Amino acid sequence: MQYVSTRGGMPPAGFSEILLGGLAPDGGLVVPQSYPRIDAATLAGWRELDYPSLAFEILSRYVGDIDPQALRDIVDRTYTPEVFGSPEITPVQRLEPGLFLLRLSNGPTLAFKDLAMQLLGNLFEYQLGREGRELNILGATSGDTGSAAEYAMRGKRGVRVFMLSPDGRMSAFQRAQMYSLTDENIFNIAIDGVFDDCQDLVKAVSADLEFKRRYSIGTVNSINWARVAAQVVYYFKAWLAVAEGERPVSFCVPSGNFGNVLAGHIARMMGLPIARLVVATNENDVLDEFFRTGRYRVRSAAETYSTSSPSMDISKASNFERFVFDLVGRDPQKLLELWGRLDAEGGFDIGGTEAFSAVAGFGFASGRSTHADRMRTIRDLHERHGVLVDTHTADGLFVAQSHREEGVPMICLETALPAKFADAIREATGLEPEPPVGFAGLKERVQRYTRMPRDVKALKRYIAARCGPSSR
Ligand SMILES: *Cc1c(COP(=O)(O)O)cnc(C)c1O
């Protein structure tokens, strides 16, 4: 499998060449040259596979240049009951006839991002060892990415993590989880701004190719291709657990940077029978607006609301470019034209065009949820089924209700556990969500982080002072 850029300016490269990188050199996103097709017979043969075996089958189709035995070993070490809480890794829970919850949040940081990030930690360690070099990971987080990255990379040799987070905009649990890490290779930086300011700083540093090379800067943001690939696996796992025969299912995905639901799109492109992919947003509805109207309008920081599902508080979706690349028939010229407009005018409108009609062909639908909607959903679900979900998962469950179809199972993706967002759960139900064993006392631990203004120069100085220039 070879990889190219959505903007057409990168010579084809192998998986291990793109694994440690962020944006493609031309500023685009790295995508596989084509999607491997899984035919019905192959899919049927996967019914009995356990999670690591299924992950190996899928990932080996995207990883051409890592020894299969080494990949198998990495996958086996990653997806264990010890790390993910059960042998199924991503168990499916039936809520009522035709409605399912895909449980993705039993990893070390209690959010679905662990499923990709734990794999990435092991892949990075393997690849860096192979190349004999170090990597300094620079990332931006609104909460869950950062902690998942830090828990995947902590103590790993040859890796440092510099993680930017929006000061004061994460939940107390998220803050405690990240800022209480004392590993020497973990640096938490609280930025005076919103998540997108953090993301812009990461982009600005990464755009300085000399600095990037000199300090061996890498990323683990949701644009990392290996993360997307890892997420494809649980769509297959869920379909295999729920679908009867070869019948399709639908998925509803609480969305922010469009990484999770993009993996669903890719699973569908590979041949997985998916009827609908429902994109659920909160009040930050840039994606819902696009899927309803064809208008993609990036929001300003002032228009980006702080909500009770904060991991979805985004103003633009960093993975969206990969999807639009498919929408425009994988034509880099057409993609460049749209992104030119995005840069110049802050958005584009493809409503009524051929490209937009492809949206429905790809099975996409969308909806939006508000604070009141998610509160009511959390309360209802608890009253009717005795199940407590977090605010992001509740956004998905709420939106899913308007997209259910007779005879098509709807699988809602659980993206975090309620204990991460205790204030909102208390407000919805009056209950105190219990963190799983091992998390008690987290909030009392000493927290360690550095405050910083929105200043690229200051950030570069901070990084340079903490890592010598790369030996290569
Ligand atoms: C990251 C995250 C999301 C959004 O996922 P994307 O891949 O960015 O669309 C939703 N819910 C939770 C809890 C998250 O951590």
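Every number for a ligand or one of its atoms is a count from 1 in the order of the listing. All values reported here derive from a predicted model rather than from experimental measurement.
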Salt bridge Glu405-Arg276, side-chain N to carboxylate O under 4.0 Å: yes
Salt bridge check, Lys203 against Asp200: does any charged N sit closer than 4.0 Å to a carboxylate O? no
Partner set under ring-ring contact (aromatic ring centres under 6.0 Å, His included) for [X], not counting sequence neighbours:
{"X": "Tyr234", "value": "none"}
{"X": "Phe195", "value": "none"}
{"X": "Phe320", "value": "Phe258, Phe290, Tyr296"}

Evaluate side-chain hydrogen bond (donor to acceptor under 3.5 Å, both in side chains) for Arg160 paired with Asn136, printing each intermediate quantity in order. CA-CA 5 Å; Arg160 291 183 197 86; Asn136 295 303; 2.8 Å; yes
Within the 4.0 Å heavy-atom sphere of ligand 1, strictly under, residues: Phe112, Lys113, Asp144, Pro254, Ser255, Gly256, Asn257, Phe258, Gly259, Asn260, Ser311, Met312, His392, Thr415, Ala416
